[in-house]
Protein chains: 2
Amino acid sequence: MLMHNPPHPGEIIKELCIEPLGLSVTEAAKALGVSRKTLSSIINGKSGISPEMAVRLSIAFNTSSESWLNQQTQYDLWQAEKHRDELQVRRLSAA
Amino acid sequence: MLMHNPPHPGEIIKELCIEPLGLSVTEAAKALGVSRKTLSSIINGKSGISPEMAVRLSIAFNTSSESWLNQQTQYDLWQAEKHRDELQVRRLSAA
DNA sequence: CAAAGCGTAACCCGTTACGTTACACGTTGC
DNA sequence: GCAACGTGTAACGTAACGGGTTACGCTTTG
């Protein structure tokens, strides 16, 4: 089932990973091995979590990469479903 | 948990949707509202399932868009995890 | 005031999904 | 044999996106 209005994964990173550890964005970016801009744009909802970034997060925060990427999937799908009625698709399955 | 060597979602489309209905790739592409090349490259594992394509598939085959995009996520993650040990990431969480 | 942290704009790059057009190949029917 | 059809795919173009660097202006803190 589709989640209702899923939060952008960047918020989760900030609230559940960065802030509880008392980390700065600069420090966290260094640890993740990405630029400060990359992490900042994720945290502020400007870009999504790539598969590679999901793996980075899973290493740094000892979590599962799947959970991170699934959050992104839910978010992307929520956006795409908004335009469901605009798509020109013919129903094929009678099932 | 991570699935073991998940199949490319294109195989699923072909084997579980196109072939059972006796559809040609050309017909299916028309119904989905995309070009023949686009569907063909998905089926043959040359490109992935985009969020919008997941919604198209869900309409045409009366399924959930989530299931389609999740399959793609599992596949992408499986690829990304292959290079986990090459990523320069510092562990941050003691938990 | 100086230093640090931050968001972000401006630019670059590589990749990817998607489109159109066109080609070569195979199969099927007349 | 030939026409019609289905197919994969190469060759182009476009738009979007993740990521990097540099640089600017702002705020907070020592």
Side-chain angles (χ1 to χ4, degrees), chain A residues 8-11 13-15 17-60 65 68-69 71-73 75-80 82-83 86-89 92, chain B residues 8-11 13-15 17-60 65 68-69 71-73 75-80 82-83 86-89 92:
Chain A
H8 190 281
E11 300 179 29
I13 298 178
K14 187 176 186 179
E15 296 170 11
C17 300
I18 311 280
E19 289 179 347
L21 293 177
L23 292 169
S24 70
V25 175
T26 304
E27 287 171 329
K30 276 265 186 186
L32 287 166
V34 299
S35 71
R36 179 172 65 91
K37 183 226 174 194
T38 294
L39 181 57
S40 176
S41 73
I42 291 175
I43 284 181
N44 293 286
K46 303 297 172 56
S47 60
I49 296 182
S50 67
E52 183 182 300
M53 181 60 75
V55 176
R56 290 183 188 275
L57 291 167
S58 75
I59 298 174
S65 55
W68 290 112
L69 208 48
Q71 286 179 46
Q72 187 63 49
T73 295
Y75 184 81
D76 292 342
L77 208 44
W78 182 259
Q79 305 302 320
K82 288 180 182 175
H83 309 103
E86 303 164 20
L87 300 179
Q88 307 282 328
V89 181
L92 288 175
Chain B
H8 190 282
E11 300 178 28
I13 297 178
K14 186 176 187 179
E15 296 170 10
C17 299
I18 311 280
E19 290 178 347
L21 293 177
L23 292 169
S24 70
V25 175
T26 304
E27 288 171 327
K30 275 266 184 185
L32 287 166
V34 299
S35 73
R36 178 173 67 91
K37 187 226 173 197
T38 294
L39 181 57
S40 176
S41 74
I42 291 174
I43 284 181
N44 292 287
K46 302 298 172 54
S47 61
I49 296 183
S50 66
E52 183 181 301
M53 182 58 76
V55 176
R56 289 182 188 275
L57 291 167
S58 75
I59 298 174
S65 56
W68 290 112
L69 208 48
Q71 287 180 45
Q72 187 62 49
T73 296
Y75 184 81
D76 292 342
L77 206 46
W78 182 259
Q79 305 302 321
K82 288 180 180 173
H83 308 104
E86 303 164 20
L87 300 179
Q88 308 282 327
V89 180
L92 288 175

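Letters A, B, ... are given to chains in the order of the sequence lines, protein chains preceding strands, and every chain is numbered from 1. Being a predicted model, the structure only gives us computed values, none of them experimental.
Remark on DNA chain C: of its neighbouring residues B:Gln72 and B:Arg36, the 5'-side contact belongs to B:Gln72, judged by nearest-heavy-atom nucleotide.
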**Request:** Go through the steps to decide whether A:Ile49 and A:Tyr75 satisfy the test side chain to side chain contact (heavy atoms under 4.5 Å, CB included), and finish with yes or no.
**Result:** CA-CA 10 Å; A:Ile49 296 182; A:Tyr75 184 81; over 6 Å; no
**Message:** Between A:Ser40 and A:Asn44, does the side chain to side chain contact (heavy atoms under 4.5 Å, CB included) criterion hold? Intermediate values first, please.
**Reply:** CA-CA 6 Å; A:Ser40 176; A:Asn44 293 286; 3.3 Å; yes
**Message:** Before you tell me yes or no, could you show the steps for B:Met53 and B:Arg56 under side chain to side chain contact (heavy atoms under 4.5 Å, CB included), namely the whole-Å CA-CA distance, both residues' side-chain angles and the distance that decides it to 0.1 Å?
**Reply:** CA-CA 5 Å; B:Met53 182 58 76; B:Arg56 289 182 188 275; 4.2 Å; yes
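Of all nucleotides in DNA chain D, those with any atom nearer than 4.0 Å to a heavy atom of chain A start and finish, going 5' to 3', at D:dG18 to D:dA23. A 4.0 Å heavy-atom criterion places the boundary nucleotides of DNA chain C facing chain B at C:dA17 to C:dA22, written 5' to 3'.
Between the CD1 atom in A:Ile18 and the CG atom in A:Leu32 there is a gap of 6.5 Å [rounded to 0.5 Å]. Considering OG of A:Ser65 and CH2 of B:Trp78, their distance stands at 11.0 Å, rounded to 0.5 Å. Of the inter-residue distances, the one linking A:Ile59 atom CD1 with B:Leu92 atom CG reads 11.0 Å to the nearest 0.5 angstrom.
Residue contacts shown for B:Thr38 are limited to sugar-phosphate atoms, with no base heavy atom under 4.0 Å away. Looking at heavy-atom distances under 4.0 Å, A:Ser47 makes contact with sugar-phosphate atoms alone, never a base. Using a 4.0 Å heavy-atom distance criterion, A:Lys46 is classed as a sugar-phosphate-only contact. Within 4.0 Å (heavy atoms only), A:Ser40 reaches at least one base atom of the nucleic acid.
The local environment of CD in A:Gln88 is sparse, with at most 12 non-hydrogen atoms from other residues, nucleotides or ligands closer than 6.0 Å.
Although no hydrogens or angles enter the test, the distance criterion places no donor-acceptor pair under 3.5 Å between the side chain of B:Glu86 and the main chain of B:His83. With hydrogens and angles disregarded, a donor-acceptor distance shorter than 3.5 Å links the side chain of A:Ser58 to the backbone of A:Val55.
Pairing each heavy atom of A:Ile42 with each of A:His8, the nearest pair is O-CE1, 3.4 Å. The two residues B:Asp76 and A:Pro51 have their closest heavy-atom pair at CB-CG, 3.9 Å.
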**Request:** Would you write the dot-bracket representation of DNA chain D, where each base gets (, ), [, ], | or . depending on whether it forms a Watson-Crick or G-U pair under 3.5 Å and with which partner?
**Result:** ||||||||||||||||||||||||||||||
